[in-house]
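For reference, positions follow the sequence shown, starting with 1. Being a predicted model, the structure only gives us computed values, none of them experimental.
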Amino acid sequence: MDNNQMEQHISEYLYGIGSSLISLGETLCQQIQSTNMNIHGQVKEMADKIAINLHNLSAELEKTRFNLLSGKEDKAISLRDAETLKVALFHLLHGKTYTHNGQDTDIVSELHKLEYIVSSLYRMGMLPNSGQGVNEYTFDKIHEKDI
């Protein structure tokens, strides 16, 4: 496979990830106006599409890496493309956002926190007398001016 085909495949997978996120964003914006929010199906579909595109992107890059190591190819993706992918992945996996009180957070931690809180709220709503004696917890919110 020549370099142009490989770059075309990489672009295709990145486009798939972006279009999945756009679709989810549009659905969330529409659902916010609904009196009966129902987003779990769209989130599952988006997560599946992103996982498939990430898998295919990894496979494409791994094939290129193997071909470079075995001497079947002499050119990989451009250094600029490799650097921007590397930094983007680093930000997604390890990037921190600092809050106004000096603590930091990241996407994965916030998703885990939300999962816990929503599960707790769900259980509280499903148990008899669940709302009695429950303290209200307020978490610091992050504002764009904080980052």
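- Distance check, rounded to the nearest 0.5 Å: CE of M46 to CG of L24 gives 4.5 Å.
- Side-chain heavy atoms closer than 4.5 Å link hydrophobic residues (I, L, V, M, F, W, Y) into clusters, and following such links, even through other members, never connects I107 to I50.
- Here K63 contributes atom NZ and H9 contributes atom NE2; the two are 6.0 Å apart, rounded to the nearest 0.5 Å.
- Heavy atoms from other residues, nucleotides or ligands lying under 6.0 Å from NZ of K72 number 12 at most.
- A distance-only check finds a donor-acceptor pair linking the side chain of S58 to the backbone of L54 [under 3.5 Å].
- The aromatic rings of H94 and F90 lie tilted to each other, with the angle between the two planes from 30° to 60°.
- A single hydrophobic cluster is not seen to contain both Y15 and L21; linkage of ILVMFWY side chains at heavy-atom distances under 4.5 Å, directly or through other members, places them apart.
- Of the possible donor and acceptor atoms, one in the side chain of S20 sits under 3.5 Å from a partner among the backbone N and O of G16.
- Considering CG of L61 and CD1 of I10, their distance stands at 4.5 Å, rounded to 0.5 Å.
- T105 has its side chain out of reach of K96: every pair of non-hydrogen atoms, C-beta onward, lies at least 4.5 Å apart.
- The two residues S109 and D106 come nearest to each other via the heavy atoms N-OD1, 2.7 Å.
- In the hydrophobic clustering of ILVMFWY residues, with side-chain heavy atoms under 4.5 Å counting as a link, V108 and V43 come out apart.
- With values rounded to the nearest 0.5 angstrom, T64 atom OG1 is found 11.0 Å from L69 atom CG.
- Within 6.0 Å of CG in L111 there are more than 12 heavy atoms belonging to other residues, nucleotides or ligands.
- With respect to E83 and K86, no salt bridge is recorded, no charged nitrogen being found less than 4.0 Å from a carboxylate O.
- Between the side chain of S120 and the backbone N or O of Y116, no donor-acceptor pair lies under 3.5 Å.
- Counted by atom type alone, H55 and N53 present zero donor-acceptor pairs between their side chains at under 3.5 Å.
- Atom CD of E45 sits about 8.0 Å away from atom OG1 of T27, to the nearest 0.5 Å.
- Of the inter-residue distances, the one linking Q8 atom CD with Y13 atom OH reads 10.0 Å to the nearest 0.5 angstrom.
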